Amino acid sequence: LVVLLRLDQALGAAAEVLVAIVPPEVPRAKLIFAEPLANPDDLQRAIGLLCKTLTEDLEHRGVGARRLDLVFMRVDNIAQAVRIGTSRPNRNAVHLAKLLGERLVLVDPGFGIEAATLTASWIEALTERQLIGNHVAKAGEEADVSDLVDRLRVKLGSDRVFRMTPVESEFPERAIKRVSAMANSNGATWPNDLPRPSRLLTPPELVNAIAEIPDVPPRFFVWRKTRHSVVKADGPERILGEWWRSDEEIGLQRDYYRVENVQGERFWLFRDAPAAEGGRWWLHGIGEA
Amino acid sequence: MSYTELQVTTHFSFLRGASSCEELFVQAANLNIPALGITDRNSLAGIVRAHEAAKVTGIRLIVGCRLDLEDFPSVLVYPTDRASYSRLCRLLTLGKTRAGKGKCSLSIADVEQWCEGLVGILVTDKPTEHLSEDLARFQRAFGNWAYCGLSRRFRPDDAAHTKKIAQAASRARVPTVVTGDILYHVPERRILQDVVTCIRLKTSIDKVGFLKEKHADKYLKPPHEMQRLFRRYPDAVRRTQEIADRCRFSLDELTYTYPTEVMQDGMTAQERLEKLTWEGVAHRYPDSLPDNVAMQLRHELNLIERVQYGPYFLTVDSIVRFARSKGILCQGRGSAANSAVCFVLGITSIDPVRQGLLFERFVSEERREAPDIDVDFEHERREEVIQWIYETYGRTRSALTCTVTRYRARGAVQEVGKALGVPTDVTRALARLIWGWSDDGVSDKELAELNLNDQDRRLRLTLALAKELMGTPRHLSQHPGGFVLTLDRLDELVPIEPAAMDNRQVIEWDKDDIDALKFMKVDVLGLGMLGCMNRAFDLLRKHKDTDLDLATIPSEDPVTYAMIRKADTVGVFQIESRAQMAMLPRLAPSRFYDLVIEVAIVRPGPIQGDMVHPYLRRREGKEAVVFPKPELEKVLGKTLGVPLFQEQAMQVAMVAAGFSASEADQLRRAMATFKFTGGVNKFRDKLIKGMIENGYDNSPNAPSNSWKASAPMDFRKATPPALR
């Protein structure tokens, strides 16, 4: 029967009503001012009001905002927009207003602003959470730094706030990477039997070193015009290129040596190819390893 | 001062080693290493391959094994004589029985019990807290034959670790010895080693991180380099030679004894076989025995006596008799059909004299290799036969051979792709492409057809590495029915592991290994069609009152051939595939021999060599039937002058190039395996030379190429008796 109906509809014998799919309403708050505003304090107050209205709506829906777009309409019909992001879903009106307020300096009110719209263009589910007073917070629970991160990101720029995380690679310059400040840990650790110096030189510095070939630690080396005589040494720690990254890496071989000079200072040197292939010496790290 | 490498892992430590025994031994020969100690993990699976490689390269093999223990650092053990080798096999069998298929669970207590006569090397990466206790216990177990291994890891604190281990060893009065911990034969192989590690850990190269094999230099190094690396421990280098001298055990010492059949009337096996043979003659030839058959029988019995295979024939005979007595249909196949003795004993149903088959194909005096009688049994009832064998010969003396499952092109691409993080849909598309891809790799054009970027580095790497991985063993699985039977305990010859199926046990060696050591095996195979025929006979008896068995089915039934000519053969054994059905109307078989040819030519072999078309052209009368020389007419007459069977290749080699029967058989074997070994070329020159000498046309490529192509074809002439 359904088939017959469909056939009729296809041939135009029966009418078919089209039902549009309505997009879920984007949370939005709007204020129209009786008189154009230009004073930052007034604008800040307007933001507070908008945030309050919006967060009530968000709470009603059980969501929090990850991104807010604030659009000011000037009297000369030019829009001024401000966008902020949060690292976790948030519907704290005071916090959001503060973040938006930080960006207010970017807004040029011109002859005055007559309307403002605040849109939560990216929302995520946020369920109610029991508030815990500071004095009963469970020990070991991670402090929620997301508010701080949000404020820093607004002030410094979103790519300036990051966290370092270990990467499982033998190459020291690859052994760390930047991740977003609130990213979860990827579980990677550095093994205990792979000691690394406390300071790395980025990039490594070319040094002159004298060493017996093929793989004896250097006798001495000259770094920044200072000659260091090696009295103790360990090595080589041989690190081979990570061939899956690029063709150049296939033949790559670094021999790392931990050396100590007469004064007891520790250095981390490597030769970037076997001596027979004309490997050069580089200083890559300083300090205890 | 010389250096012997004592710790070598081959690719039989599945997905750990990255090089084959052959590659390792060839490299050892290049580097002037006098001997290699092969130590796979809890396994002797690769030891026969290593033995063969050692014979070819002239580098001595030191039989060994790495025991990964549950409560102790790993120990390398090397048997010094036959008795200690047997103990090692028993120990491994014990561990495998305990742990189940593909695993091995051993503790130091087990090793202490079985280590008599074994040289042991304790290997440890780092000086652990309990190293001294471990060394003391190890020293008590192995006594004078305990050593402590020193290896370079090229890791931080290498020198300090080595020194600490050496000091702990000297306190425990355990001498140190240098080992290289070799995982691959040349430095370039490290890439494949990383890949197999990823496959083993089921992860991808981007995620594997520090789980990857940590130490860099695990390839074979020349002795002087090892001496330089361990210049502070010259004694430890010298002791490698000492161990090599102590471990003189060779696999050649394994004397295989075939179980003597239960004797009657004090007859020897040979006498009994002769008696049974002549009794069988009365059954096969009730009227009179043709002279040439009698001659053939005497010739075969003589040869069997000289090479002492009598008991083997008796075993197969008794298995077949058992099956017949239980009403289980069975049928010998393969090269056994070349034997008149097998025919009169009822093991096979083809008269080899009438078919002009060569006995040397089956047993050859020069080759001295164990014969191979394959017997098909009804699929459903084969288990009865297998369990009867276990009961009759005992579980300690009988086991199935294994088959080494190796990476084929498809699997290799899929697994390497996964390890390199290539998306699954891409690897799947590549694998599909490989259908029919031989060894040549995927061409750029084919990649372009899949809309893949042929410049993509990961894709290129995947294909290159997959090619390298092809042929690498992946795991052992059980052979469908190859039984090894011995007089003494089998687990003293080779470690046995339980199979995935209940009540089955499998040895660690496959049939090539068994051949190489000249063990004898009986193939007990299952064939569904035989069970099907048995049921058909029952139905005939029940509904049509017709009593038939395999021997009394009327042959050359014209109605049946008419059906076959119409290609109405769905469900007909051997000729039901689409390719076969397409060929049937062209060949229009009207005799049994036509079917034999049909089955033989619709196979990959002759199609590669462009051999089918000449035959078809000749058959359809489009091409004249000519023979290069009249004497070849006898050989090639049946197939209209086109060599289709390996048997014919052998005979041509004998008639045209003056090969002896055994040489011709070696040629056949080389053809059967040329894909892997390329051994045909050795015979090719001899063949061409012989043919030219005998006045043949000097167009060498034509015959040899066509025979190369026929190599993948096994000899089908003897196979389809089930059709009769």
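Residue numbering restarts at 1 for every chain, and letters A, B, ... go by the order of the sequence lines. Model, not experiment: these values are computed from the prediction.
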Does [X] come within less than 4.0 Å of [Y], counting only side-chain N to carboxylate O?
{"X": "A/E265", "Y": "A/R258", "value": "no"}
{"X": "B/R155", "Y": "B/D157", "value": "no"}
{"X": "A/R153", "Y": "A/D150", "value": "no"}
{"X": "B/E415", "Y": "B/K202", "value": "no"}

Could you name the residues of residues 190-201 of chain B that have a heavy atom within less than 4.5 Å of a heavy atom in chain A?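 Counting heavy atoms that sit under 4.5 Å from chain A, the residues of residues 190-201 of chain B involved are B/R190, B/I191, B/D194, B/V195.
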Would you say A/S198's side chain and A/G287's backbone share a donor-acceptor pair under 3.5 angstrom?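 Flag not set: sc A/S198 to bb A/G287 has no pair under 3.5 Å.
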Could you tell me whether the side chain of A/R66 and the main chain of A/G85 form a donor-acceptor pair under 3.5 Å?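 Not at all, since once roles are kept as given, no pair shorter than 3.5 Å links the two residues.
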Pair A/Y256 + A/W282: ring centers closer than 6.0 Å: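 Not under 6.0 Å, so no.
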Per-residue contact mode, [X] against chain B (heavy atom under 4.5 angstrom):
{"X": "A/I250", "value": "both"}
{"X": "A/D247", "value": "both"}
{"X": "A/D193", "value": "both"}

Are there residues of residues 216-232 of chain A that reach to under 4.5 Å of chain B by heavy atoms, and which ones?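 Counting heavy atoms that sit under 4.5 Å from chain B, the residues of residues 216-232 of chain A involved are A/V216.
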So which of B/D181, B/D217, B/D158 actually passes salt bridge (charged side-chain N to carboxylate O under 4.0 Å, His left out) with B/R153?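 The residue from B/D181, B/D217, B/D158 that satisfies salt bridge (charged side-chain N to carboxylate O under 4.0 Å, His left out) with B/R153 turns out to be B/D181.
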Heavy-atom count around B/R428 CZ within 6.0 Å, excluding the residue itself: above 12?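 Counting other residues, nucleotides and ligands, CZ of B/R428 stays at 12 neighbours or fewer.
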side-chain hydrogen bond (donor to acceptor under 3.5 Å, both in side chains) involving A/Q263 - partner list, sequence neighbours excluded: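 Only A/N261 meet the side-chain hydrogen bond (donor to acceptor under 3.5 Å, both in side chains) criterion with A/Q263.
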Excluding sequence neighbours, so at least two apart, what forms salt bridge (charged side-chain N to carboxylate O under 4.0 Å, His left out) with B/R228?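 A/D215, B/E225.
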Part of B/L420 lying under 4.5 Å from any heavy atom of chain A: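 Side chain of B/L420 only, per the 4.5 Å heavy-atom cut-off to chain A.
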